[in-house]
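This report concerns only the one structure given below.
Keep in mind that this is a model prediction, so the values were computed, not measured. Values below: all heavy atoms of this structure, side chains included; hydrogens, waters and symmetry mates excluded. For ligands, and for the atoms within them, numbers begin at 1 and follow the listed sequence. When a residue number appears, it is its place in the shown sequence, counting from 1.
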Amino acid sequence: MKGCISVVNSGSSSIKFSLFGNVEKEALSLIFGGQVEGIGVAPRFKARNDQGDILEEKAWVHGPDVNHESLMGYIIGWIRENRQRLGLELKGVGHRVVHGGDAYSCPVRVDDTVLRTLEKFIPLAPLHQPHNLGPIRSVMKLGADIPQVVCFDTAFHRTNPPLAQLFALPRQLMDEGIRRYGFHGLSYEYISRRLQVLDPVTATGRVVVAHLGSGASMCALLNGQSIASTMGFSAMDGLPMGTRPGNLDPGVVLYLMQEKGMALDDLVDLFYKHSGLLGVSGISNDMRVLQESDDPHAEEAIGVFVYRIQRELGSLAAVLGSLDALVFTAGVGENSPAIRARVCEGAQWLGLRLNPEANARGQLKISTPDSRVSIWVIPTDEELMIATHTRDILLGARNR
Ligand code: ADP
């Protein structure tokens, strides 16, 4: 029986899943994937095959019994039924976990000790970590002895030099774990590996990757390793995002508490749900909606997004000491020629020259031949990265 690996990426309102085959070979291939969205409001299940054709859709009425656990139970059952139909044996499940703290610099196989350690990191990511860990327990309960692997958003950045991880706060707070961790690590690791295949010389150089999705951040890669990134202690730092503000003077937080009497829950709501593109535009967190709008506040939201990307690009290039390549990825980075053009226009001082036709077509390489810095559009694939790690840990090269 041929083997397969399942991937689970569980968040506060959605659970994404996928199944990869070809585990015996170097390159895994997607068999099917899907998600339950709208958890807590109106959960909807949708699964597609590798061609994008819908395999099944289902909706639930929200109620006390329709929660993360019961929906994960449905997903486990659906995957089991469909992989059995295809005659595949499940070799393991890989999970995306937002926080590996300072304990993990690479993915690990789950056991009781690992799970207990990850539970200790819940205060570092209270909105995400519990949802990441829930499905691991569900698989333990329902999946018999299926081996599981956890892959962290923070792990790839553990190569950052100590100074890049420090806040200028009293040392004791740093010792308690208040430091810069960085996120989107699975995406950056995937891009770093892809660049090694696409252009091995550039991959050994000084590269900035801009992961511009609903969550957005940037990372400086030196010889393929992360040396700095724009996200810090939480996934709120750095660039403005769909609904998060990015870099913010801590004085603003003090002011909101002192002068406006805002409580913790109000601040969580403000910073996670009502800031960023949505906050500035007052219209939407979706870049496509803003680009189609003629409201000046929509243009201002796009403007501040681009401005801050350009500032961070300068900052990361300074840390790298120079720049050989800029890579765009994720929803906005992969799909918006207009945003890429605006970012590059303001970054010509770094030696970037955009090829407008290649950019409009969304080609892999979008710089002119004489551009000192090469510019790329590389689609990210965090799920494939998780599946690859899971396969490599569980099967190793020899046992495939
Ligand atoms: P995440 O995985 O963080 O939820 P994605 O990487 O899927 O986010 O990016 C989602 C965002 O990408 C959407 O909110 C949308 O604003 C943006 N996006 C997708 N397609 C386009 C497009 N053609 N033009 C501009 N923005 C786009």
Identify the protein heavy atom lying closest to atom 24 (N) of ligand 1, giving its residue, its atom name and the separation to 0.1 Å.
R288 CG, 3.6 Å

With no hydrogens and no angle check, just 3.5 Å: does a side-chain donor-acceptor pair link H157 and S226?
yes

Based purely on interatomic distance, does D286 place a nitrogen or oxygen under 3.5 Å from a nitrogen or oxygen of ligand 1?
yes

Under the side chain to side chain contact (heavy atoms under 4.5 Å, CB included) criterion, do L118 and Y104 qualify, and how do the steps go?
CA-CA 10 Å; L118 295 180; Y104 299 109; 3.8 Å; yes

What I'd like to find out is whether the side chain of D153 reaches to under 4.5 Å of the side chain of H99, using heavy atoms alone.
no

Might you work through the ring-ring contact (aromatic ring centres under 6.0 Å, His included) test for F17 and F45, ending with a clear yes or no?
CA-CA 11 Å; F17 64 92; F45 172 95; 5.7 Å; yes

Among G11, S187, G331, which one has a heavy atom closest to atom 18 (N) of ligand 1?
G331

In this structure, atom 17 (C) of ligand 1 is nearest to the protein heavy atom V332 CG2, 3.5 Å

Flag for R158-Q165: side-chain donor and acceptor within less than 3.5 Å:
yes

Who's the nearest protein heavy-atom neighbour of atom 26 (N) of ligand 1, and how far?
M287 CB, 3.6 Å

To the closest 0.5 Å, what do you measure between CZ (R179) and CG (N160)?
11.0 Å

Quick one: look up the protein heavy atom nearest atom 1 (P) of ligand 1 and list residue, atom name and how far away it is.
S214 OG, 3.3 Å

So for ligand 1, is K16 a polar contact partner (N or O within less than 3.5 Å, distance only)?
no

Main-chain N/O of N355 paired to N359 side chain as donor or acceptor, under 3.5 Å
no

Under 3.5 Å, is there a donor-acceptor pair linking the side chains of H131 and S12?
no

Should you measure from each heavy atom of A330, which atoms of ligand 1 turn up under 4.0 Å away?
6 (O)

Heavy-atom contact under 4.0 Å between G215 and ligand 1?
yes

Ligand 1 to S336, heavy atom cutoff 4.0 Å, flagged ligand atoms 24 (N), 25 (C)

Q291 near ligand 1, heavy-atom distance under 4.0 Å?
yes

